[in-house]
Amino acid sequence: MRFLAVGIILLCVLVGIVFFSPSYKLGREANRELERGNFKEAHSLATQALQKDPYNRLAYGVESQAKQRLNIQKFLTDSKENQESAFKVLKDGSLSPEEFLRLEWMVEEFQRSYRMLFILNQPNDWEKEQLHQYKQWFDSLKKRLEEVKQVKNAK
């Protein structure tokens with residue numbers, strides 16, 4: 001009976017430590033921010049929680065998920081900016097050699113980053129759709145650039 005009482009007391013102490021520890025409070029707060037879509041705040045809070053307790057599994061999971069969302073958001077933002085830059089270059093109709101190289105660089109950078117993104121991150125369905133649309137657009141641009149290159153080489 002005494003052994004059972006000591007066990008219950010130890011269990012209560014451990015639950016209290018976990019529930020009231022600063023690391024786990026930060027981890028739960030980070031999780032709430034992640035669920036709200038505040039990925040920067042979730043990442044920051046989870047990182048703080050892990051600094052206090054590197055074995056906090058909740059904080060570790062939130063930090064990983066938030067980091068993935070931030071990586072994907074950055075990639076989508078960069079892709080949009082590169083697409084808009086390409087539109088500006090393409091609207092004139094004729095390309096200087098420098099503009100042509102710049103467009104080729106944009107396509108190569110997109111393709112390299114796109115492959116790495118899927119290796120290191122797990123996009124959700126909405127993100128996959130956005131990524132797929134940019135991939136189609138940059139693939140189309142690459143094809144057009146290759147066609148222009150072939151025409152120039154044939155002359």
Side-chain angles (χ1 to χ4, degrees), residues 15 17-155:
V15 168
I17 289 171
V18 168
F19 188 76
F20 294 108
S21 85
S23 176
Y24 282 86
K25 282 183 181 179
L26 285 168
R28 287 189 301 275
E29 191 175 335
N31 194 46
R32 282 191 294 276
E33 292 302 321
L34 180 68
E35 290 171 355
R36 291 180 185 140
N38 300 329
F39 306 125
K40 283 184 183 180
E41 184 65 17
H43 187 265
S44 175
L45 290 168
T47 301
Q48 290 173 41
L50 288 170
Q51 288 171 348
K52 293 181 184 302
D53 179 1
Y55 300 105
N56 183 333
R57 292 182 64 185
L58 174 63
Y60 182 78
V62 170
E63 190 272 341
S64 177
Q65 290 177 38
K67 188 174 183 179
Q68 288 182 38
R69 299 285 72 77
L70 291 170
N71 288 340
I72 293 168
Q73 284 182 348
K74 181 177 181 345
F75 181 83
L76 289 170
T77 299
D78 291 348
S79 296
K80 181 179 181 181
E81 290 172 1
N82 283 335
Q83 185 184 48
E84 289 170 355
S85 294
F87 280 141
K88 288 177 186 174
V89 170
L90 293 169
K91 76 175 182 173
D92 294 333
S94 62
L95 295 175
S96 69
E98 293 83 15
E99 291 170 327
F100 188 86
L101 288 173
R102 183 172 174 218
L103 290 174
E104 281 187 320
W105 175 83
M106 284 182 202
V107 168
E108 289 171 11
E109 178 65 22
F110 174 85
Q111 290 176 333
R112 184 186 61 75
S113 298
Y114 182 84
R115 284 189 299 272
M116 290 302 296
L117 187 75
F118 278 93
I119 291 171
L120 301 173
N121 302 282
Q122 297 174 343
N124 62 33
D125 291 339
W126 181 85
E127 292 165 338
K128 283 180 186 176
E129 179 60 33
Q130 298 297 306
L131 294 166
H132 180 70
Q133 289 176 10
Y134 281 117
K135 180 165 181 9
Q136 286 182 316
W137 191 87
F138 279 98
D139 286 348
S140 173
L141 178 59
K142 180 181 181 178
K143 184 178 177 184
R144 285 185 273 166
L145 292 172
E146 288 171 353
E147 289 170 358
V148 169
K149 200 183 272 188
Q150 288 176 353
V151 169
K152 285 185 179 184
N153 289 338
K155 287 182 181 182

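Just so it is clear, the structure is predicted and the values come from calculations on it, not from any experiment.
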Task: Lys/Arg N to Asp/Glu carboxylate O, Lys74 vs Asp78, below 4.0 Å - done: yes
Task: Least distance between heavy atoms, Leu103 atom then Ala86 atom - done: CD2-CB, 3.6 Å
- [ ] Output the distance between atom CZ (Arg144) and atom CG (Leu90), rounded to the nearest 0.5 Å.
- [x] 6.5 Å
Open item on the list: Counting neighbours of CZ on Phe87 that are heavy atoms of other residues, nucleotides or ligands and sit closer than 6.0 Å, is the number greater than 12?
Closed with: yes
Task: Worked check of side-chain contact (heavy atoms from CB on, under 4.5 Å) between Asn31 and Leu58 - done: CA-CA 8 Å; Asn31 194 46; Leu58 174 63; 4.1 Å; yes
Task: Mutual orientation of the aromatic rings belonging to Phe75 and Tyr114 [parallel < 30°, tilted 30-60°, perpendicular > 60°] - done: tilted
Task: Nearest heavy atoms of Lys80 and Tyr134, plus distance in Å - done: CB-OH, 3.1 Å
- [ ] For the residue pair Glu146 and Gln150, confirm or rule out a side-chain donor-acceptor distance under 3.5 Å.
- [x] no
Task: Reported CD-to-NZ distance for the pair Gln48 and Lys25, which is rounded to 0.5 angstrom - done: 14.0 Å
Open item on the list: Run Gln68 and Phe39 through side-chain contact (heavy atoms from CB on, under 4.5 Å) and show every step you take.
Closed with: CA-CA 9 Å; Gln68 288 182 38; Phe39 306 125; over 6 Å; no
Task: Value rounded to 0.5 Å, distance of OG in Ser79 from CD in Glu84 - done: 11.0 Å
Task: Non-hydrogen side-chain atoms of Phe110 and Leu141 separated by less than 4.5 Å - done: no
Open item on the list: Ignoring hydrogens, what is the shortest heavy-atom contact between Gln122 and Ile72? Give both atom names and the distance.
Closed with: C-CD1, 4.2 Å
TODO: Please tell me if the side chains of Lys67 and Asn71 come closer than 4.5 Å, counting only heavy atoms from C-beta onward.
DONE: yes
- [ ] Please check if the side chain of Asn121 supplies one atom and the backbone of Pro123 the other of a donor-acceptor pair under 3.5 Å.
- [x] no
TODO: Look up atom CD in Gln130 and atom CD in Gln73, then write down how far apart they are to the nearest 0.5 Å.
DONE: 11.5 Å
Open item on the list: Quick check for you: to the nearest 0.5 Å, what is the distance between Gln133 atom CD and Leu76 atom CG?
Closed with: 10.0 Å
Task: Any donor-acceptor N or O pair under 3.5 Å, side chains Asn38, Glu33 - done: yes
Open item on the list: When you measure from the side chain of Thr47 to the backbone of His43, do you find a donor-acceptor pair of N or O atoms at a distance under 3.5 Å?
Closed with: yes
Open item on the list: Tell me the closest heavy-atom pair linking Asn56 and Leu50, and the distance in Å.
Closed with: O-CD2, 3.6 Å
Task: Donor-acceptor contact below 3.5 Å, side chain Ser64 vs main chain Tyr60 - done: no
TODO: Output yes when a side-chain donor or acceptor of Glu63 lies under 3.5 Å from a complementary backbone atom of Ala46, and no otherwise.
DONE: no
- [ ] Heavy atoms only: give me the nearest Ala49-Leu26 pair and the separation to one decimal.
- [x] CB-CB, 3.6 Å
- [ ] Give the C-alpha distance, both sets of side-chain angles, the deciding distance and a yes or no for side-chain contact (heavy atoms from CB on, under 4.5 Å) between Arg69 and Asn124.
- [x] CA-CA 9 Å; Arg69 299 285 72 77; Asn124 62 33; 4.3 Å; yes
Open item on the list: Regarding Glu109 and Arg112, does a basic nitrogen lie under 4.0 Å from an acidic carboxylate oxygen?
Closed with: yes
Open item on the list: Please find the pair of heavy atoms, one from Arg57 and one from Tyr24, that lie closest to each other, and give the distance.
Closed with: N-OH, 4.4 Å
Open item on the list: Could you go through Lys142 and Gln111, starting from their C-alpha distance and side-chain angles, then the distance that decides it, and tell me whether this counts as side-chain contact (heavy atoms from CB on, under 4.5 Å)?
Closed with: CA-CA 10 Å; Lys142 180 181 181 178; Gln111 290 176 333; 3.3 Å; yes
Open item on the list: salt bridge (Lys or Arg N to Asp or Glu O under 4.0 Å), that's the test. Do Glu104 and Lys149 meet it? Break it down for me.
Closed with: CA-CA 11 Å; Glu104 281 187 320; Lys149 200 183 272 188; 2.7 Å; yes
Task: Point-to-point distance, once rounded to the nearest 0.5 Å, from CG of Leu95 to CG of Leu145 - done: 7.5 Å
